[in-house]
Amino acid sequence: TPSHPHLLRTYEYKEVMRLITGDECGLLKECIPELSRKDDDPNKPIKPFTTMADVTREGVRRIDPKEQQSRSRGVIDMVPIEMNDDEFSLATLRSNGSVEFWNADVKKKREYGNYSLDSAVQNAFTNIEYDGKVRPLGLGIFEKNTRICAGDMLGNVAVINSEKGSVVKEFNCYNTSKGRKTISYTPGNNLNTQLATAMACDPINGRVAVGGRERETVLLDLATGGVVFKAKNLPPDPQTLLQHPVWPSSILFLEDSNVMAVGTAYKQVRLYDVREDSRMRRPTACTPEGLLEYRVTSLCQVDEHRLVVGDSAGEIYDLDMRTMDRNLKRKDNNNLGRYVGPAGSVRQLKKHPTLPRMAAIGLDRMLRIYDTKSRKQLDCIYLKQRSNCVLFTSQDTWELGEPEDHTMDSDQDIDVDDVVEDYVDSDDEEAIRQKHLNDFENASASEDENDDGSEDDEEDSQSEDESEEEEEEELPSDNDDASESEDEDDEDDDDDEDEDSESEEDDRKQRDKKRRRVK
């Protein structure tokens, strides 16, 4: 309700978003999709439901205008540290191994925020120089947002204190040699420099998962550095007795952190039970052969039962985890949904903390926003550079603007109550109409009775006059002239009475006509 009776306010609530993106050229950008939307023209034709959003360049601004584009400082991953409505902080991992901490001061309005670089760790992995073959892999946060873990393709994991901006611990998931620059993983000194291809952090239990080509996913305890879980492959094929190839390309801990989803480069999604007391090391469920057509690059959980999968061809699928089992030879799942839009490899998928919205970025240089309930594309923003990561802030509503003044007319009194008529049902309209007709007939009948009473009085008076005339005729008249004058007066009175009776008869006829017309 308005705070003042002379002010009227129109309330409008809209779901709004603020996103941060990082690209392979080292640029951080702030995106507000509401600023990129155009006002709807009420006269334009209605678009079909399947129509995608128009591509726009508006609603994007660089966080640091002084940052120069350089692939050596490309943004690999981002994580939120503290999220509030008015301010938040985040950490970024770059291609040269540096970790930066940013602070932001924003308002719940349709305007960009103010960002500042708080601190930075020049190289989270000591004594390692990164080139095109070896690079950092990902970033995670745990222990109530006070510790950050960073991993690289050699299996190194560094724990960083976000408050002090310094490296606390360092671990390695694999056996290393030659100063941790190469890893020997098979007999015969077969060396490789890109073993780890996926990593994820468990924010609840303080664990990190790392997996790579021909290396099953392992879980490390970030407090001790020891291995707490090591996954096993599926049983061999019963016909060929060959092992299934292993190559994790994307890892995700689900909401309760008791289940881990692993997407592979061999077009599979596997689910593992990673509880501390679990003895099951093999996958508890997986997608059948032929369901996915390309390498899995990103995973995102949108609700309790649905998992969104992005691949290297730009396809985004909605997978129901309740339909998965361990049978690889079963028929394909016909209930697989799809998000339409991307034209290049999907690098990352992220879900909004509170709203049913999901963001997708990739090599097509577009930021796309989807509704997770209807899978409809809502926004599409062109970012100019190929993006690697995206981050949602916790904002979901804007502040209402000032109320518009709509002064009421001075002649209108605001204290006067409005006249509200009783609601009349359509079934009762005929009864009410008949009631009005009966009331009108009763009123007309009462008028007729009154008219009849007046006519009777006139007749009585006429009879009295006639009797008086007869008496006068019987009496002897002394003066003939006087009698003649009296007779003339009586004749005039009779003429007036006749005229009055005729007018009354006309009135009666008119009333009868009105009564018949109303009936």
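All heavy atoms count here, side chains included; hydrogens, waters and symmetry mates do not. The model shown is predicted, which means the values in this text are computed figures rather than measured ones. Each residue takes its place number in the sequence, starting with 1.
- The residues K376 and D371 are annotated as not salt-bridged, no charged nitrogen and carboxylate oxygen being separated by less than 4.0 angstrom.
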Check against side chain to side chain contact (heavy atoms under 4.5 Å, CB included), T393 and V106: CA-CA 10 Å; T393 63; V106 296; over 6 Å; no
Test log, rule side chain to side chain contact (heavy atoms under 4.5 Å, CB included), inputs I32 and M17: CA-CA 6 Å; I32 302 178; M17 296 162 287; over 6 Å; no
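- Side-chain atoms of E30 and Y115 include a donor-acceptor pair closer than 3.5 Å.
- The CG atom of L355 sits 10.5 Å away from the OG atom of S394 when rounded to the nearest 0.5 Å.
- Here CE of M260 is found 10.0 Å from CG of L254. Values are rounded to the nearest 0.5 Å.
- Residues L220 and V210 are not in side-chain contact: their nearest non-hydrogen atoms beyond the backbone lie 4.5 Å or more apart.
- Using a 3.5 Å distance cut-off with no hydrogens or angles, the side chains of N156 and N172 do pair a donor with an acceptor.
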Check against side chain to side chain contact (heavy atoms under 4.5 Å, CB included), F88 and E82: CA-CA 5 Å; F88 64 90; E82 183 179 1; 5.9 Å; no
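- Atom SG in C300 sits 12.5 Å away from atom OH in Y370 (nearest 0.5 Å).
- When side chains are defined from C-beta on, Q385 does not count as touching E24, because their heavy atoms never get closer than 4.5 Å.
- Checking R270, R282, K232 one by one against E216, the salt bridge (charged side-chain N to carboxylate O under 4.0 Å, His left out) holds for a single residue, R270.
- Classification of R73 and E67 as a salt-bridged pair holds, one side-chain N sitting under 4.0 Å from a carboxylate O.
- Within the model, atoms OH of Y272 and CZ of F229 stand 7.5 Å from one another, a figure rounded to the nearest 0.5 Å.
- Taking both residues in full, the closest heavy atoms of I148 and F101 are given as CD1-CE2, 3.4 Å, listed atom of the first, atom of the second, then distance.
- Sorted by first and then second residue, the side-chain hydrogen bond (donor to acceptor under 3.5 Å, both in side chains) pairs with a member in residues 201-210 read D202-N205, D202-R207, D202-S257; sequence neighbours excluded.
- Side-chain polar atoms of R275 and N258 form no donor-acceptor pair below 3.5 angstrom.
- Rounding to the nearest 0.5 Å places CG of L117 at 11.0 Å from CD1 of I63.
- A salt bridge links R338 with E315: the distance from a Lys NZ or Arg NE/NH1/NH2 to an Asp or Glu carboxylate oxygen falls below 4.0 Å.
- With rounding to the nearest 0.5 Å, the separation of CG in L219 from CZ in F253 is 4.5 Å.
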